[in-house]
There are 2 protein chains.
Amino acid sequence: MSDILQDPGTDGAATDSVTSRIERICVEKGLRMTEPRRVIARVLSSTDDHPDAEELYERVKVIDSSISMATIYRTMKLFEEVSIVSKRDFGDGRARYEKVSGPEDHHHHMIDVESGEVLEFYNQELEDLKIRIAKDLGFKLVDHHLELFGVRISEKKH
Amino acid sequence: MSDILQDPGTDGAATDSVTSRIERICVEKGLRMTEPRRVIARVLSSTDDHPDAEELYERVKVIDSSISMATIYRTMKLFEEVSIVSKRDFGDGRARYEKVSGPEDHHHHMIDVESGEVLEFYNQELEDLKIRIAKDLGFKLVDHHLELFGVRISEKKH
DNA sequence: TTACATGCAAAATATTTGCGTAGGA
DNA sequence: TCCTACGCAAATATTTTGCATGTAA
């Protein structure tokens, strides 16, 4: 159920002295950099999974226990508006947040219904097809959600 | 925001004397047919949109005002388990329910982000592609959610 | 200085559940 | 009759918000 990855190559949010990538994006976007935002930005920077508000709150509290849940929600809303994160729904009752690295990072999710494990995938054919479908219906696509739910094929069928 | 359609040809849930299609399915599946279930089944039968629990509750209350919200939720859960309805998420905070007519009725949603209007579509290429993607990832597809969010292309661009 | 972000706690929403009763098979 | 579904209200779970205070620019 947990799939945290570190990406020390492009980021480095583990150290306090370094400005995290998302912190830099906040500055670029002209957001006021408060201490809670800085901490949340760092937590997101060093994250490659899909935490819900509660999980983010836990991770953030380790660094600064004075940060409140309300700030998590308010910051996620703000970060979503400026495309720093995107909100996801994996069918359980809560929102998940995922950092957006850029258009090149676009992907979808394959969810293992037995273990809850989430795989990410990208498929160019699918991207093209979605744009085409929307266009045929008379729409310009602004967003889309695609989640596949499946069970692992045990081994090769012999 | 409302897109109720009637299908008197295949159903006929408007009259009290007739058993609705979903009522018949309930019986086939061996469900105990209580009065609330009968009413909810009829409401669903005469519906072709995607009501949330509140909307269903309103429609059901018109027929029998003694039916409670708890029963709406309990019945939706039951109906989902036996594939009479499927639960959908259109990005606002609540679940929507949609009757399932059968595999031949499978479709997805194109949501107009400006008006909230929901169009349904089906695309065979997309179906094939999803199965193929899941297979490539080592999964057998058991379910999937696809929602496209877009804005209407005003007129032809000239 | 001053506008805006924060913490706190209460509110709003959506959904679920315990319990005693009613009703279908 | 007997088991299950029901209504009611209270409980949960998630997210939002009003208000007084704190803080970045």
Side-chain angles (χ1 to χ4, degrees), chain A residues 19 22-44 50-58 60-61 63-82 84-98, chain B residues 19 22-24 26-44 50-58 60-82 84-98:
Chain A
T19 307
I22 291 178
E23 266 181 275
R24 290 193 295 273
I25 296 173
C26 287
V27 173
E28 273 168 37
K29 306 229 180 197
L31 302 181
R32 179 188 278 196
M33 280 320 283
T34 63
E35 185 56 21
R37 283 185 190 165
R38 217 180 293 280
V39 172
I40 293 169
R42 280 182 201 179
V43 165
L44 283 174
H50 321 88
D52 59 23
E54 187 65 40
E55 285 167 340
L56 273 177
Y57 183 49
E58 296 303 325
V60 157
K61 270 201 301 189
I63 303 176
D64 183 342
S65 64
S66 72
I67 294 171
S68 74
M69 190 58 135
T71 295
I72 301 288
Y73 278 111
R74 280 192 278 234
T75 305
M76 284 307 98
K77 188 177 221 172
L78 174 72
F79 280 10
E80 203 194 352
E81 280 162 12
V82 299
I84 289 175
V85 303
S86 68
K87 205 194 242 182
R88 297 286 158 190
D89 170 57
F90 293 162
D92 44 14
R94 54 238 149 100
R96 310 277 190 140
Y97 302 93
E98 168 176 74
Chain B
T19 307
I22 291 178
E23 266 180 275
R24 289 193 296 272
C26 288
V27 173
E28 275 168 34
K29 307 229 179 197
L31 302 181
R32 178 188 279 196
M33 280 319 284
T34 63
E35 184 56 21
R37 282 186 190 164
R38 219 180 293 281
V39 172
I40 294 170
R42 280 183 200 179
V43 166
L44 283 174
H50 321 88
D52 60 23
E54 187 64 40
E55 285 167 341
L56 274 176
Y57 182 49
E58 297 303 326
V60 158
K61 270 201 303 188
V62 172
I63 304 176
D64 182 341
S65 63
S66 72
I67 294 172
S68 74
M69 189 57 135
T71 295
I72 301 289
Y73 278 111
R74 280 192 277 234
T75 305
M76 284 307 99
K77 189 177 221 172
L78 175 72
F79 280 10
E80 203 194 351
E81 280 162 11
V82 299
I84 289 176
V85 302
S86 68
K87 205 193 244 183
R88 296 287 157 190
D89 169 58
F90 293 163
D92 44 14
R94 53 235 149 102
R96 311 279 191 135
Y97 302 93
E98 169 177 73

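All values below come from the heavy atoms of this structure, side chains included, with hydrogens, waters and symmetry mates left out. Protein chains get the first letters and strands the later ones, always in sequence-line order, with residue 1 at the start of each.
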Contact list for residues 32-41 of chain A, test salt bridge (Lys or Arg N to Asp or Glu O under 4.0 Å), sequence neighbours left out: A/Glu23-A/Arg38, A/Glu35-A/Arg38
Nearest-nucleotide comparison on DNA chain C, the residue closer to the 5′ end among A/Ser68 and B/Lys87: A/Ser68
Gap between atoms CD1 and C1', on B/Ile67 and C/dG23 respectively (whole Å): 14 Å
B/Arg37 CZ - C/dG24 P separation (whole Å): 12 Å
Bend angle of the helix from C/dT1-D/dA25 to C/dA25-D/dT1, end axes from five pairs each (to 10°): 40°
Atom pair distance, as rounded to whole Å: OH in A/Tyr73 and C1' in C/dA9: 16 Å
B/Phe79 to B/Ile22 - nearest heavy-atom pair and separation: CE2-CG2, 4.2 Å
Sugar-phosphate, base or nothing in reach of B/Met33, heavy atoms under 4.0 Å: sugar-phosphate
Distance-only donor-acceptor test, A/Arg74 side-chain atoms vs C/dG7 base atoms, 3.5 Å: yes
Any donor-acceptor pair under 3.5 Å from A/Glu58 side chain to A/Glu55 backbone: no
Distance, rounded to the nearest Å, where B/Ile72 contributes CD1 and D/dA9 contributes P: 17 Å
Cation over ring face, A/Lys61 and A/Tyr57, 6.0 Å, 45°: yes
Given DNA chain C, 5'-ward residue of the pair B/Ala53 and B/Arg38, judged by closest heavy atom: B/Ala53
Contact nearer the 5' end of DNA chain D, comparing A/Glu35 with A/Tyr97: A/Tyr97
Under 3.5 Å: donor-acceptor pair, side chain of B/Lys29, backbone of B/Val82: yes
Interatomic distance where NZ belongs to B/Lys77 and C1' belongs to D/dA5 [whole Å]: 15 Å
B/Glu80 CD to C/dT16 P, straight-line distance once rounded to whole Å: 10 Å
B/Asp92 with B/Arg94: basic N within carboxylate O range, under 4.0 Å: yes
Interatomic distance where CZ belongs to B/Arg94 and C1' belongs to C/dA12 [whole Å]: 14 Å
Separation of atom CZ in B/Arg32 from atom C1' in D/dT1, rounded to whole Å: 12 Å
Between CZ on residue A/Arg42 and CD1 on residue A/Ile40, distance to nearest 0.5 Å: 12.5 Å
Under-4.0 Å side-chain N/O to phosphate OP1/OP2 contact, B/Thr34 with D/dC6: yes
